[in-house]
Protein chains: 2
Amino acid sequence: MSHTLGIRQAQKQKTRQAFLDAALALLEEQSLSSLGLREVTRAVGVAPTAFYRHFRSTADLGVALVDEALGSLHPMVRTTVATAGAERITRAVRLIADHVAAHPAHVRFIARERHGGVQPVREAIRDQLARFAEEVRAELAKDPEAAGWNEDDLLMLAHLYVDQMLITASLFLETLESPEPSEAERQRVAQVATRQMRLISLGRQHWLD
Amino acid sequence: MSHTLGIRQAQKQKTRQAFLDAALALLEEQSLSSLGLREVTRAVGVAPTAFYRHFRSTADLGVALVDEALGSLHPMVRTTVATAGAERITRAVRLIADHVAAHPAHVRFIARERHGGVQPVREAIRDQLARFAEEVRAELAKDPEAAGWNEDDLLMLAHLYVDQMLITASLFLETLESPEPSEAERQRVAQVATRQMRLISLGRQHWLD
DNA sequence: AATTCCGGAGAACAGTTGTTAACTGGATGA
DNA sequence: TCATCCAGTTAACAACTGTTCTCCGGAATT
């Protein structure tokens with residue numbers, strides 16, 4: 001199935017990944033528009049000019065980071081939303097909490113650059129989020145509760161859920177940033193997020209009244 | 001009432017405002033963490049060192065911009081949310097649309113720096129948004145619909161509304177950024193935002209079932 | 001075995017950055 | 001009127017930036 005790469009290609013991908021990792025680390029404390037090319041190469045331990053072998057610019061690197069951060073998340077969201085009944089919200093909140101705990105830098109990057117100063121990156125994130133919304137809409141459409149709904153309203157609801165997920169992720173992130181990261185604080189965020197989603201679901205149930 | 005400032009103080013405030021204006025303009029295409037001190041002074045037409053007479057750093061300037069962008073908005077939000085009945089949502093959406101049209105750069109700045117790379121600015125925005133949420137909660141508490149609600153749930157609902165307002169503002173902004181800003185597109189955003197808020201309100205009405 | 005390919009190194013470019021110190025000249029207050 | 005204040009200036013600092021061109025050495029290809 002997977003063709004074994006030559007020594008050359010393998011090494012190249014390795015350095016490329018080193019660039020992504022280093023950049024992601026540096027972006028914990030600044031935004032992409034202030035990330036310097038030399039800064040990244042220095043962190044990787046490589047000559048400045050080596051950067052151009054992998055990326056056209058830091059904006060280009062940013063777009064690659066968007067794919068890394070969100071690309072592999074689609075199936076997880078899909079299966080989570082596919083869960084029926086009251087468990088759906090519980091699982092969704094847990095998914096978010098776990099993902100933020102496992103990949104805080106990725107989440108921070110997305111939250112930061114969604115409205116950030118680099119246009120191509122903003123667009124890449126917007127496109128990915130639109131994909132999420134579309135996938136959520138498709139799953140919601142399978143629900144018996146979706147009977148009588150038109151596509152526009154379902155997509156509107158899907159966007160509401162997706163935005164809510166992002167807000168929740170960002171709140172979990174702040175939880176980790178606090179000087180004394182407490183489990184209690186995290187529980188509170190989960191509690192509030194769960195109730196907000198429940199409230200939205202309630203609105204959904206009575207939409208056609 | 002208002003004490004007339006001396007020539008000196010008046011001139012100083014004038015230059016300070018020039019700094020804020022110039023910075024806001026520059027921040028349309030980058031984030032605060034990449035905004036250079038010299039860049040701003042150049043735009044104002046003043047020596048680099050003059051900057052220090054007004055701000056400790058660009059982060060300091062950013063905090064001042066947060067106050068300028070959100071400080072005067074509290075009464076407007078308050079009176080809008082104070083509106084009772086079905087008109088509340090309509091007026092809220094119109095308030096957002098008008099405000100974005102009147103002060104796009106301010107809105108962009110807030111959306112961008114809310115999760116941006118400069119900690120003091122993030123905190124300033126977070127505090128202001130918490131104030132908004134608290135004020136919205138206080139207004140919602142006056143509703144007859146709020147009977148039986150506890151304070152935590154009301155605050156949760158208020159946060160939901162505030163976040164929703166910000167998302168809507170950001171969407172209106174994208175509307176202006178598009179190559180061909182059309183009234184139709186703006187209407188669509190208003191339409192979706194209105195429905196989302198209606199759905200949330202529906203959920204609110206059935207919360208205590 | 002000989003040749004091409006190509007990721008990375010090295011040096012140099014002009015231009016930029018934040019911050020310091022000492023200064024000028026008009027407004028301010030005694 | 002005279003001394004003080006203080007917003008803004010000038011000059012200089014070392015450090016940093018993105019980008020170009022030339023080169024090297026090992027992998028890949030023939």
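Worth saying up front: this structure is predicted, and the values here are computed from it rather than measured. Chain identifiers are assigned alphabetically (A, B, ...) following the order of the sequence lines, protein sequences preceding nucleic acid strands; residue numbering begins at 1 within each chain.
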Could you go through residues 103-119 of chain B and list every donor-acceptor pair under 3.5 Å that involves a side-chain atom there, pairing it with any protein atom two or more places apart or in another chain?
unit_1   : atom_1 : unit_2   : atom_2 : d
B:His106 : NE2    : B:Glu68  : OE1    : 2.8
B:Arg108 : NE     : B:Glu177 : OE2    : 3.1
B:Arg108 : NH1    : B:Glu28  : OE1    : 2.3
B:Arg108 : NH2    : B:Glu177 : OE2    : 3.1
B:Arg112 : NE     : A:His115 : O      : 2.7
B:Arg112 : NE     : A:Gly116 : O      : 3.2
B:Arg112 : NH1    : B:Leu27  : O      : 3.0
B:Arg112 : NH1    : B:Glu28  : O      : 3.3
B:Arg112 : NH1    : B:Gln30  : O      : 3.2
B:Arg112 : NH2    : A:Gly116 : O      : 3.1
B:Glu113 : OE2    : B:Leu32  : N      : 2.8
B:Arg114 : NH2    : B:Asp163 : OD1    : 3.2
B:His115 : ND1    : A:Ser170 : OG     : 3.4

Any Lys/Arg nitrogen of B:Glu183 or B:Arg186 sitting under 4.0 Å from an Asp/Glu carboxylate oxygen of the other?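 Yes, charged N to carboxylate O under 4.0 Å.
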Can you tell me which residue pairs pass the ring-ring contact (aromatic ring centres under 6.0 Å, His included) test with a partner in residues 116-135 of chain A, sequence neighbours excluded?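 Counting only pairs at least two positions apart or across chains, the ring-ring contact (aromatic ring centres under 6.0 Å, His included) contacts touching residues 116-135 of chain A are A:His74-A:Phe132.
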Please collect all ring-ring contact (aromatic ring centres under 6.0 Å, His included) contacts where either partner lies in residues 11-34 of chain B, sequence neighbours excluded, each pair once.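 Listed once each, the pairs are B:Phe19-B:Phe51, B:Phe19-B:His54.
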Angle between the end axes of the helix from C:dA1-D:dT30 to C:dA12-D:dT19, five pairs per end, to the nearest 10 degrees?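 Taking the rotation axis at each end, their angle is 10°.
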Specify the separation, in whole Å, of atom CD of A:Gln9 and atom C1' of D:dA28.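 Nearest whole value for this atom pair: 10 Å.
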Residues two or more places apart in sequence or in another chain: which of them pass salt bridge (charged side-chain N to carboxylate O under 4.0 Å, His left out) with [X]?
{"X": "A:Arg131", "answer": "A:Glu135"}
{"X": "B:Arg91", "answer": "B:Glu87"}
{"X": "A:Glu185", "answer": "none"}

Tell me, please, the opening and closing nucleotides of DNA chain C, 5' to 3', among those with an atom under 4.0 angstrom from a non-hydrogen atom of chain A.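 So the outermost contacting nucleotides come out as C:dC5 to C:dA12.
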In chain order, what residues pass the side-chain contact (heavy atoms from CB on, under 4.5 Å) check against B:Thr49, with sequence neighbours excluded?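 With neighbours one apart ignored, the set is B:Ala47.
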With sequence neighbours left out, what residues match B:Arg126 under side-chain contact (heavy atoms from CB on, under 4.5 Å)?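 Partners of B:Arg126 by the side-chain contact (heavy atoms from CB on, under 4.5 Å) criterion, ordered by chain and then number, come out as A:Glu174, B:Glu123.
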Categorize A:Phe51 for me: base, sugar-phosphate, or nothing, with a 4.0 angstrom heavy-atom threshold over every strand shown.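 Counting heavy atoms under 4.0 Å across all strands, no contact is made by A:Phe51.
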Can you pull the salt bridge (Lys or Arg N to Asp or Glu O under 4.0 Å) pairs that have at least one residue in residues 187-198 of chain B, sequence neighbours excluded?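 Qualifying pairs: A:Asp153-B:Arg195.
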Going 5' to 3' along nucleotides 7-17 of chain D, which nucleotides have protein heavy atoms under 4.0 Å from the base (write B), which only from the sugar-phosphate (write S), and which from neither (write -)? BBBBBB----S
